[in-house]
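This report refers to the structure that appears directly beneath it.
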Amino acid sequence: MFKSTPEVKPLHANESIKAVSRNLRGTLADEFADCNTGNILEDSNQLLKFHGSYQQDDRDQRAERRAMKLEKAWQFMVRVRIPGGVCTPRQWLTLDRLADSHANGTLKLTTRQTIQLHGIIKSAVKPTMRELNQELLDCIAACGDVNRNVMCNPNPLQSELHEEVYDWATRLSLHLLPKTRAYHEIWLDEAPLTPEIEPEIEPIYGKTYLPRKFKIVVAVPPSNDVDIYAHDLGCIAIAGSNGRLTGFNLAVGGGMGMSHGKEATFPRLGDVIGYTPKEKLLQIAEEIVKIQRDFGDRNNRAHARLKYTIEDRGVEWFVTELTRRLGFEIEPARPFAFDHNGDRFGWIQNHRGDWHLTLFIQNGRLRDVPDQLWRSALREIAQHHTGDFRLTANQNLIIGGVTPDQKPVIEGILQGHNLHESHLQTGLRLHSLACVSLPTCGLGLAESERYLPTLLNELDAIVDEAGLRHDAITIRMTGCANGCARPYLAEIGLVGRAPGKYNLYLGGGFSGQRLNKLYRASLPDTEIARTLRPIIDQFAKERKVGEHFGDFVIRAGYVAATVNGRDFHASIAAATQPVRPDARPVAD
Ligand code: SRM
Ligand code: SF4
C-alpha cells in the first residue's frame, strides 16, 4: 500500500527574497546609489519595506505617461517609526522641513500614530533617512514582516498612567526591533559587518523574519482610541487602586485586511486571553511573536497573519502553546471597559496643571492651502512649544504638555491662522477616518482621502437636519478591502470596490468592540448619502437614550450583528448577545 505523501505547498516568493537578503540588505545599497533609473527592482521593494519605505508611482500620471510611452512617475513613501506617536518640537520641525525639501509638501498622519512623507524621488530617499536620523528618528521596521510601530493611547487626561503606558509601548517597540545593522549600513553609511568574523543573528525573527506584518497596540480604558481588537497583539492597561499601572490584559489575533470576493479572508477581533503583570510583558510579547514566526502561513500571504493562525488552530491551542513556551500560565483577564474609540477634541488640563490640545486634522493630511495653513501654524507652534506633539490613532494631533503661560501663545498662533475652531465640526466628521488610497497607494480601487470630505459635506447636512450635529457616529472609508482606516470597526464603513463604487457596511460598535456587516455592495458614490439618509432620520427619531448608531441599525434590523470574523461575511446572523465583556447588549 502506498503511503500518501502530504502535499508540500511552495513557500511564497517573499520567503526566498528574505532568506537570501543577508538580513534585509539585498542589493538596496547599490540600487539606491544608481540614479540612472528612478525605480528599484520589485524584489528589492519587498526588502525596502523593512526599512520603512515603499516604492510607489503617481497614479494620477499613469494614463498620460503610458500614452507618451514614458515609464511610471516613480517615487517613494517614507514612514517614520514613532512609538506611541510622541515626537519633540525639534523632530516636528525636521519632518516639516523634509516635507518641502524632499517630499510632496505634505505630512500624512497615519492611523498607526506615525508620519508618512510621500512623493520622494529615489535620490532623496537616503538623504531623508539621514536627516531623520540626525533628529533621532528612524524608519526601521515601520513596514515589512516584523513588528511595526507600537501604538499607545495618548490620553492627556491621565498623564501619569499614560506616561507609564507610553514607556511600555517604547520598550515593546525597541525589544522587537530587528537586530540587523542593514538599515545603518544602507542609509547611514555604517561600515559593513564582515559576516565571517561577526555573524549577524536575529534572535527573535531568524533569517526569514515573520510570515507577515505584526502589529501591537496598548490601550488605556475607557478609551479604545487605538482599536485594541484590530491588532495582532493588544495590551489593555490595568491600573491598581492607586491609579498606577499594574499590568496588561492581552488580546491576540485581531486584524482588518481581507480581499473582496474571497471569503477565506476576513477581518477579525482579537481574543482576550488573560492578564500579565507589567514585568512579564516583553517576555510574553516576544513568545507571541515567535509563535507566529513558527506557525504563521509562509505559503499564502493572504492567510499569513496571526488572526488566521489562531482562527485555524483555536484560541485554546494558542494559549497552550504560549504556556508551554513561557513555562507558566498567564493569569485570568482583569475587568475593564471601553466606552469609545475616537478622540476628544479641544483643551484639557491634567493633574499637573499642564494643558493638551487635540486638533482635528481631516484624514491626517497636513498641508498649506489658502484658508487652511496647517503646516505653517504647526511650524510656528513647534518653534515656541516646550512640550511634545502626540499623534493619535485617529489621524489627529495633540499639542501635549503646554505650560499655562504657553497656552495663550499657542491659541494666538491658531487664531492667527484661523484654525482655532477647526474642531467645531459635526460629531460625524470628527469621528471620520480615511486611508490614503489614490494617487499614491498602488492598491487603491477607489478614492478615499480625496473623496471622504466631499461625501461628508452631504452627510453633514443630513445629520444637521436630523438634529444629530453633536452626536458622535464613527465613519471610516478605505480605497480597498485592506482596511487601513479600520473600516470594519466603524458604525458606517465604506470600502472601495471600483472607481466611484463602495461597499457600505453598518453596525460596528462605537467603542470598537464589534465588527460591522455588509449592507450594500458596490454602491455608486452618488447613492451613498441617499441610502444613509432614511437610516439616519430613523435613528434620530427612534433611538433609545444613549443608544449609538451602530447598535441602532442592528436593533432596527438593517444588518445582523457580526459575532466573529468568519461571521463577517454571513448575511444572516441571529446573534444579538454581546461579544466582548465591555459590549453593551443591543437586544430590545
Ligand atoms: Fe495599511 C498596505 C497605508 C494602516 C492594513 N497600507 C498599505 C500600503 C503600504 C499599500 C501597499 O502595500 O502598497 C498603503 C500605503 C498608502 C500610501 O500611499 O501611503 C497603506 N496603512 C496605510 C496608512 C498610511 C493609512 C492611513 O491613511 O493612515 C496607515 C499607516 C500605518 C502606519 O503608520 O504604520 C495604514 N494598514 C493600516 C491598518 C490600520 C492599523 O494598523 O491600525 C491596517 C489594518 C489592520 C491590519 O493590519 O489588519 C492596514 N495595509 C493593510 C493591509 C492589509 C493587511 C492584511 O493583513 O491583509 C495592506 C496590504 C498588505 O499588507 O498586503 C496594507
Ligand atoms: Fe491603500 Fe487599500 Fe490601504 Fe487604502 S486601504 S491605503 S487603498 S491599501
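Numbering starts at 1 and runs along the sequence shown. Remember, it's 1-based here, ligands and their atoms both numbered in the order they're listed.
Among protein heavy atoms, the minimum distance from atom 2 (Fe) of ligand 2 is reached at C480 SG, 2.3 Å. Nearest non-hydrogen protein atom to atom 4 (Fe) of ligand 2 is C435 SG, 2.3 Å.
Residue-ligand proximity, Q395 to ligand 1, at heavy-atom distances under 4.0 Å covers atoms 26 (C), 27 (O), 28 (O). Near A434, with a cut-off below 4.0 Å to any heavy atom, the atoms of ligand 1 are 27 (O). In summary, the atoms of ligand 1 found under 4.0 Å from a heavy atom of T114, numbered by their order in the structure, are 32 (C), 33 (O). Within ligand 1, counting atoms from 1 as listed, the ones closer than 4.0 Å to a heavy atom of G255 are 48 (O). Counting atoms of ligand 2 from 1 in the listed order, those under 4.0 Å from a heavy atom of G444 are 7 (S). Atom numbering of ligand 2 starts at 1 in the shown order; those under 4.0 Å from a heavy atom of G479 are 4 (Fe), 7 (S). Close contacts between ligand 1 and H118 involve ligand atoms 17 (C), 18 (O), 19 (O) [criterion: under 4.0 Å to a heavy atom]. Close approach of ligand 2 to T478 is summarised as follows: ligand atoms under 4.0 Å from at least one heavy atom of the residue are 5 (S). Numbered from 1 in the order shown, with element, the atoms of ligand 2 that lie under 4.0 Å from a heavy atom of G483 read 5 (S). The distance from ligand 1 to the heavy atoms of R486 drops below 4.0 Å at these ligand atoms: 39 (C), 40 (C), 42 (O).
For an aromatic pair to be called close, the ring centres must be under 6.0 Å apart, and Y451 with Y502 satisfies this. Note: F76 and F32 meet the aromatic proximity criterion, with ring centroids under 6.0 Å apart. Ring centroid separation for the pair F248 and F336 does not come in under the 6.0 Å cut-off.
In the displayed structure, E42 atom CD is contacted under 6.0 Å by more than 12 heavy atoms of other residues, nucleotides or ligands.
Between the CH2 atom of W74 and the CZ atom of R65 there is a distance of 10.5 Å, given to the nearest 0.5 Å. How far NZ of K18 is from OG of S16: 9.5 Å, rounded to the nearest 0.5 Å. Here the straight-line distance linking atom CD of E447 with atom CZ of R450 works out to 4.0 Å at 0.5 Å rounding. Remark: H303 NE2 to E311 CD distance equals 8.5 Å, nearest 0.5 Å. The distance from atom CG of L282 to atom NE2 of H175, rounded to the nearest 0.5 Å, is 5.5 Å. Note: L532 CG to L455 CG = 7.5 Å, rounded to the nearest 0.5 Å.
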Intermediate values then yes/no, side-chain hydrogen bond (donor to acceptor under 3.5 Å, both in side chains), T37 and K122: CA-CA 8 Å; T37 62; K122 186 174 159 188; 2.8 Å; yes
Test side chain to side chain contact (heavy atoms under 4.5 Å, CB included) applied to N147 and Y205, step by step: CA-CA 10 Å; N147 177 54; Y205 295 111; 3.4 Å; yes
Stepwise side chain to side chain contact (heavy atoms under 4.5 Å, CB included) check, T265 with K262: CA-CA 6 Å; T265 65; K262 293 193 178 153; 3.9 Å; yes
Trace of the side-chain hydrogen bond (donor to acceptor under 3.5 Å, both in side chains) decision for N14 with R212: CA-CA 10 Å; N14 281 31; R212 203 67 162 90; over 6 Å; no
From CA spacing to verdict: side-chain hydrogen bond (donor to acceptor under 3.5 Å, both in side chains), H118, Q116: CA-CA 6 Å; H118 286 105; Q116 285 184 181; 3.1 Å; yes
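The closest approach between G364 and ligand 1 stays at or above 4.0 Å for every heavy atom of the residue. The closest approach between a heavy atom of G442 and any atom of ligand 1 is not below 4.0 Å. At a 4.0 Å cut-off, not a single heavy atom of N149 sits close enough to ligand 1 to count as contact.
At least one N/O-N/O distance between V436 and ligand 1 falls below 3.5 Å. Looking at R148 next to ligand 1, no N or O pair under 3.5 Å apart turns up. For ligand 1, the polar-atom distance check against Q113 finds no nitrogen or oxygen pair separated by under 3.5 Å. Of the N or O atoms in M256, one or more lie within a sub-3.5 Å distance of an N or O in ligand 1. Any N or O atom pair closer than 3.5 Å counts here, and S437 shares no such pair with ligand 1. For the pair K49 and ligand 1, the shortest N or O to N or O distance does not fall below 3.5 Å. Below 3.5 Å of separation, one finds no N or O of Y54 facing any N or O of ligand 1. At least one N or O atom of T111, backbone or side chain, sits closer than 3.5 Å to an N or O atom of ligand 1.
When L281, I228, V272 are each tested for a side chain to side chain contact (heavy atoms under 4.5 Å, CB included) with L250, only one passes: L281.
Contacts between K215 and ligand 1 below 4.0 angstrom, taking non-hydrogen atoms only, involve the side chain exclusively. Only the side chain of H231 comes within contact range of ligand 1, with a heavy atom under 4.0 Å; no backbone atom does.
Among V226, D145, L443, the residue whose heavy atom lies closest to atom 13 (O) of ligand 1 is L443. For atom 62 (O) of ligand 1, the candidate residues are Q55, Q75, K213, R212; the nearest heavy-atom contact is made by R212. When E449, R305, H303 are ranked by how near their heavy atoms come to atom 46 (C) of ligand 1, first place goes to R305. Taking all heavy atoms of Q116, R112, K108, R301 into account, the minimum distance to atom 23 (C) of ligand 1 is reached by Q116.
The distance from atom 4 (Fe) of ligand 2 to the nearest N/O/S atom of C441 is not under 2.8 Å. For atom 1 (Fe) of ligand 1, the set of nearby N, O or S atoms under 2.8 Å includes one belonging to C484. Inclusion of C484 in the first shell of atom 3 (Fe) of ligand 2 is supported: an N, O or S atom falls under 2.8 Å.
F568 and Y488 have perpendicular rings, their planes meeting at more than 60° on a 0 to 90° scale where under 30° would count as parallel.
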